Asker: 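Got a structure for you, written out below as structure tokens; questions coming shortly.
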Amino acid sequence: MADVQSTGDGTYSGTLDLTKVSGRAGVSIDMLGGKGDAVPFTATVDDQDRLTALTIDRTGIDAQLGTLKTTYSGCSRTAFSMSNGCSPG
């Protein structure tokens, strides 16, 4: 993350630096066209601070990419892993 702030009870907003992403989820720096270092996001957590929703606005990179919205359930507060029952909705 590049920046994050609380926007209310269980809600957050900020920016992601996609140029720092690596591994299987890596993003091609060429695809970002120099626009990937401050991609806006919003996130929601439940009453146990577990991630329940994540929205990433990719329109600043390319309007055709749109907004990516994902919801999560069964996530541990300490670890995000598909093997522990955490699954995108």
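Quantities reported herein were computed from a predicted structural model and do not represent experimental measurements. This chain uses plain numbering: 1 for the first residue, then up along the sequence.
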Asker: Could you state the interatomic distance from OG1 (T15) to CG (D57), rounded to the nearest 0.5 Å?
Answerer: 12.0 Å
Asker: Of the non-hydrogen atoms in R58 and L65, which two are nearest, and what is the gap between them?
Answerer: NH2-O, 2.6 Å
Asker: Report the distance from atom OG1 of T70 to atom CD1 of I56, rounding to the nearest 0.5 Å.
Answerer: 7.0 Å
Asker: List the residues meeting salt bridge (Lys or Arg N to Asp or Glu O under 4.0 Å) with D62, not counting sequence neighbours, and say none if there are none.
Answerer: none
Asker: Name all residues meeting the side-chain hydrogen bond (donor to acceptor under 3.5 Å, both in side chains) criterion together with T11; count only those two or more places apart in sequence or in a different chain, and write none if there are none.
Answerer: T7
Asker: Distance from T59 atom OG1 to L68 atom CG, nearest 0.5 Å?
Answerer: 12.0 Å
Asker: Donor-acceptor pair, distance only, cut-off 3.5 Å: does the side chain of T19 make one with the backbone of G36?
Answerer: no
Asker: So, using side-chain hydrogen bond (donor to acceptor under 3.5 Å, both in side chains) as the criterion, who are the partners of S13 when residues are at least two apart?
Answerer: Q5
Asker: Which atoms form the tightest heavy-atom contact between L54 and A43, and what is the distance?
Answerer: CD1-CB, 4.2 Å
Asker: Over all heavy atoms of both residues, which pair between V45 and Y12 is shortest? Give the atoms and the distance, please.
Answerer: CG2-CE1, 3.9 Å
Asker: Restricting to side chain to side chain contact (heavy atoms under 4.5 Å, CB included), what partner residues turn up for K69, sequence neighbours left out?
Answerer: T55, T67
Asker: What heavy-atom pair brings L18 and V39 nearest, and what distance separates the two atoms?
Answerer: CD1-CG2, 3.8 Å
